[in-house]
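Read the numbers this way: they start at 1 and go in the same order the structure lists the ligands and their atoms.
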Amino acid sequence: MPSLQNPPQKMMFQLSLRRRGISDQAVLRAMEDVPRDMFVEPADRADAYRDIALGIACGQTISQPFVVAYMTEQLGLQKSHRVLEIGTGSGYQAAVLSRLCSHVVTIERYRTLADRARSRLAQLGYDNVEVMLGDGFDVPAGAGAFDRIIVTAAMEQIPDALAQRLGPEGVLIAPVGPLHSVQTLVRLVRTETGFERKQLVDVRFVPALPGLAREL
Ligand code: SAH
């Protein structure tokens, strides 16, 4: 697989994640393993290892690497976990998650993005990721319970129906706040009696919108 594995660039990439406080070795290794240059638009390959969000098809974005690493670290993944992602986009976050758990289900409302991510992930050998065309506000009941849920699009609030998809002691992370401005990452932990809620850092995500996208 031709990949821009420019060593100095990749070394700087790892270094900047460490400097910004990512310390989980397994997360750093996953970030090192997944070739971000294969998930960005071909014209952006030279910028793939800069710590910036980049545009992808359908007016969406691939998140900034620091935010991907930070959210992944905050999930506290274990090898046995079944993970749900809302907002497949390029499939990059799903690929990073897949290195650290047993199975990832990722849902995307644009058919073009879902199809591209599915074939890219298959081509790169991420065979424990399932890409579904669907609406993250309406996850099919048959999908079952998840140990971890990560939402990578901004929501005004976390839908109760989504939080209810967490298994015992499950963790959900989502950017919560105004759709077109700055949101706060919220971490929900399922307890015996309900949910514990903690606010993490400020972030900026594209909005989560209900229903399948009308355009392709
Ligand atoms: N995690 C992605 C980036 C996500 S950008 C990556 O690693 O590249 C946010 C994505 O969420 C967009 O692709 C957008 O179309 C999708 N999205 C927005 N609302 C959604 C919804 N209700 N259900 C599923 N996907 C949604």
Checklist entry - Is it the case that Arg20 places NZ or CZ above or below the six-membered ring of Tyr70, under 6.0 angstrom from the centre and within 45 degrees of the axis? => result no
Review item, side-chain donor-acceptor pairs of residues 52-64, under 3.5 Å, at least two apart:
| unit_1 | atom_1 | unit_2 | atom_2 | d |
| --- | --- | --- | --- | --- |
| Gln60 | NE2 | Cys58 | O | 2.9 |
| Gln64 | NE2 | Asp51 | OD2 | 3.3 |

N/O contact list for ligand 1, threshold under 3.5 Å:
| unit_1 | atom_1 | unit_2 | atom_2 | d |
| --- | --- | --- | --- | --- |
| ligand 1 | 1 (N) | Glu85 | OE2 | 2.9 |
| ligand 1 | 1 (N) | Gly87 | O | 3.0 |
| ligand 1 | 1 (N) | Thr152 | OG1 | 3.1 |
| ligand 1 | 7 (O) | Gln93 | N | 3.0 |
| ligand 1 | 8 (O) | Ser90 | N | 3.0 |
| ligand 1 | 8 (O) | Ser90 | OG | 2.6 |
| ligand 1 | 13 (O) | Glu108 | OE1 | 2.7 |
| ligand 1 | 13 (O) | Glu108 | OE2 | 3.4 |
| ligand 1 | 15 (O) | Glu108 | OE2 | 2.7 |
| ligand 1 | 19 (N) | Leu209 | N | 3.0 |
| ligand 1 | 22 (N) | Asp135 | OD1 | 2.9 |
| ligand 1 | 22 (N) | Leu209 | O | 2.7 |
| ligand 1 | 23 (N) | Gly136 | N | 2.8 |
| ligand 1 | 25 (N) | Arg109 | N | 3.4 |

Next on the checklist: Looking only at the side chains, is there a donor atom on one of Arg29 and Gln14 sitting less than 3.5 Å from an acceptor on the other?
Outcome noted: no
Next on the checklist: Once rounded to the nearest 0.5 Å, what's the spacing between atom CG of Leu121 and atom CZ of Arg116?
Outcome noted: 13.5 Å
Checklist entry - Does Glu73 reach the main-chain N or O of Ser23 with its side chain, forming a donor-acceptor pair under 3.5 Å? => result yes
Item to check | Interatomic spacing from CD1 in Ile173 to NZ in Lys198 - rounded to 0.5 Å | outcome: 10.0 Å
